[in-house]
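First up is the structure itself, then whatever we jot down about it.
So you know, we letter chains A, B, ... as the sequences are listed, proteins then strands, and number each from 1.
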Amino acid sequence: MPELPEVETVKRGIAPILEGNTLTKIITRRDKIRIAIPQDFISRCEGQEILQVVRKAKYLLLYLGSGDVIICHLGMSGRISLTSAKARKEPDIYEKHDHVIFETDKGDLVIYNDPRRFGIMTICHENDLETHRFFKDMGSEPLGNEFNGSSLYAKLKSKKTTLKTALLDQRVVVGMGNIYVCEALFDTGIAPERRACDLGQNKCEELVRNIREILERAIKAGGSTLKDYAQVDGELGYFQHSFKVYGREGEQCATKGCSAPIERITQSGRSTFYCPRCQN
DNA sequence: CAAAGCTCCTGACCGC
DNA sequence: TGCGGTCAGGAGCTTT
């Protein structure tokens with residue numbers, strides 16, 4: 001499933017295709033994905049120049065010349081593929097789960113495909129972005145300056161829930177999904193079931209460093225794939241080979257000198273993988 | 001308020 | 001081979 005690094009990879013893939021070009025034709029093949037695609041979505045997009053493509057948390061934002069912003073989220077299984085109108089012999093024949101198609105004046109097609117339909121495609125004026133329900137309570141970007149040991153410590157201090165759940169909470173820090181939260185807690189040697197408010201300042205610093213490192217490494221690797229994610233050019237990424245705990249239930253812990261098997265538990269209805277010996 | 005539960009959805013997987 | 005049942009999971013919304 002796309003987490004921050006994968007969305008960043010998609011952003012870098014589509015930006016050169018879209019920025020500075022004009023949307024000549026939009027096709028929506030259903031009324032809603034997870035939420036309704038606005039009735040006026042097409043009319044607000046067609047004819048507009050795309051000024052800039054931005055990643056905000058796990059959202060992709062397409063800033064248009066009109067001041068509108070296309071908001072796109074890949075959900076669990078969303079992917080974006082690139083092709084050209086010319087390459088499609090029959091341009092009106094699309095694949096299953098192709099929900100939205102963007103065509104530019106250069107003849108490029110950007111296709112949003114999402115089998116599980118947990119994704120989002122909507123539009124909002126840039127003046128309303130700040131107060132938009134998707135963004136108003138959003139926590140800090142994990143790769144930004146405002147995310148640091150003391151700010152994380154302050155956020156966690158009031159939380160009696162577990163660390164695993166707190167780090168998945170987008171009001172604390174954005175962009176962290178199930179995989180990277182598991183990995184970051186393993187790297188920092190913290191048990192996922194510990195209460196968030198019990199984490200000391202020093203451990204917060206270490207956790208922040210590890211989160212940054214793991215995300216940056218994943219971005220460099222071009223994002224992970226995990227079964228249902230393909231890079232924007234259609235080629236599979238490879239970061240999934242370096243998960244240390246995620247999806248490794250029963251396997252031996254990767255830490256030198258530790259032979260404990262990785263355990264899987266459920267927290268807030270989601271799988272958590274961890275080493276019961278290395279993480280305390 | 002915080003925290004837990006609910007919800008959207010399909011494909012993969014399992015046992016029969 | 002086909003068929004039900006189960007599960008996964010992002011994150012906003014609703015309920016407690």
Q.
In whole Å, I'd like the distance from the CG atom of A:Asp114 to the P atom of C:dG9.
A. 16 Å
Q) Side-chain N or O of A:Tyr180 less than 4.0 angstrom from OP1 or OP2 on C:dG10? A) no
(Q) Under a 3.5 Å distance rule, please check whether A:Glu46 uses its side chain to pair with a backbone N or O of A:Arg44 as donor and acceptor. (A) no
Q: May I ask you to verify if any side-chain N or O of A:Arg264 is less than 4.0 angstrom from the OP1 or OP2 atom of C:dC7?
A: no
Q: Identify whether any heavy atom of A:Phe135 sits under 4.0 Å from a base atom; if not, whether one sits that close to sugar-phosphate; answer base, sugar-phosphate or nothing.
A: nothing
Q: Respond yes when some side-chain nitrogen or oxygen of A:Arg133 is under 4.0 Å from OP1 or OP2 of C:dC13, and no when none is.
A: yes
(Q) Considering every strand and a 4.0 Å limit on heavy-atom distances, what is the contact class for A:Ser271: base, sugar-phosphate, or nothing? (A) sugar-phosphate
**Q.** Residue mapping more 5' on DNA chain C - nearest nucleotide basis, A:Lys136 or A:Glu3
**A.** A:Glu3
Q.
Expressed as a whole number of angstroms, how long is the span from A:Arg171:CZ to C:dC13:P?
A. 12 Å
Q) Has A:Arg30 got more than 12 heavy atoms of other residues, nucleotides or ligands less than 6.0 Å from its CZ? A) yes
Q. Around atom CD of A:Gln39, are there more than 12 heavy atoms of other residues, nucleotides or ligands at under 6.0 Å?
A. no
Q. What integer distance in Å separates A:Lys96:NZ from B:dC9:C1'?
A. 12 Å
Q) Is the phosphate of B:dC8, meaning OP1 or OP2, less than 4.0 Å from a side-chain N or O of A:Lys32? A) no
Q | Out of C:dC13, B:dT10, C:dG9, whichever nucleotide has its closest atom nearest the side chain of A:His97 | A | B:dT10
Q: Report yes if at least one side-chain N or O of A:Arg117 is closer than 4.0 Å to OP1 or OP2 of B:dT10; otherwise report no.
A: yes
Q: Could you check how far NZ of A:Lys159 sits from P of B:dA2, rounded to whole Å?
A: 6 Å
Q | Phosphate OP1/OP2 of B:dA4: any A:Thr161 side-chain N/O under 4.0 Å | A | yes
Q.
Checking contacts here: which listed nucleotide (C:dG10, B:dG11, C:dA8) is nearest the side-chain heavy atoms of A:Pro115?
A. B:dG11
Q: For A:Gln267 and C:dG9, give me the distance from atom CD to atom C1', rounded to whole Å.
A: 15 Å
Q) Can you tell me how far P of C:dG9 sits from CZ of A:Phe273, to the nearest Å? A) 7 Å
Q) Of all the choices, C:dG12, C:dG9, B:dG11, which nucleotide is nearest to the side chain of A:Met76 once you look at every atom? A) C:dG9
Q) Whole-Å distance between C:dG10 C1' and A:Arg116 CZ? A) 11 Å
**Q.** side chain to side chain donor-acceptor pair (under 3.5 Å), paired with A:Asn178, selected from A:Arg270, A:Lys164, A:Gln267
**A.** A:Lys164
Q.
With the stacking rule set at 5.5 Å and 30°, tell me whether A:Phe134 counts as stacking on C:dG12.
A. no
Q) OP1 or OP2 of C:dA11 sitting under 4.0 Å from any side-chain N/O of A:His73? A) yes
Q) Nearest-Å distance, CE (A:Met176) to C1' (C:dG9)? A) 16 Å
Q: Hey, which sits more toward the 5' end of DNA chain B by its nearest nucleotide, A:Lys160 or A:Arg270?
A: A:Lys160
Q: Verify whether the ring centers belonging to A:Phe273 and A:Phe243 lie closer than 6.0 Å.
A: no
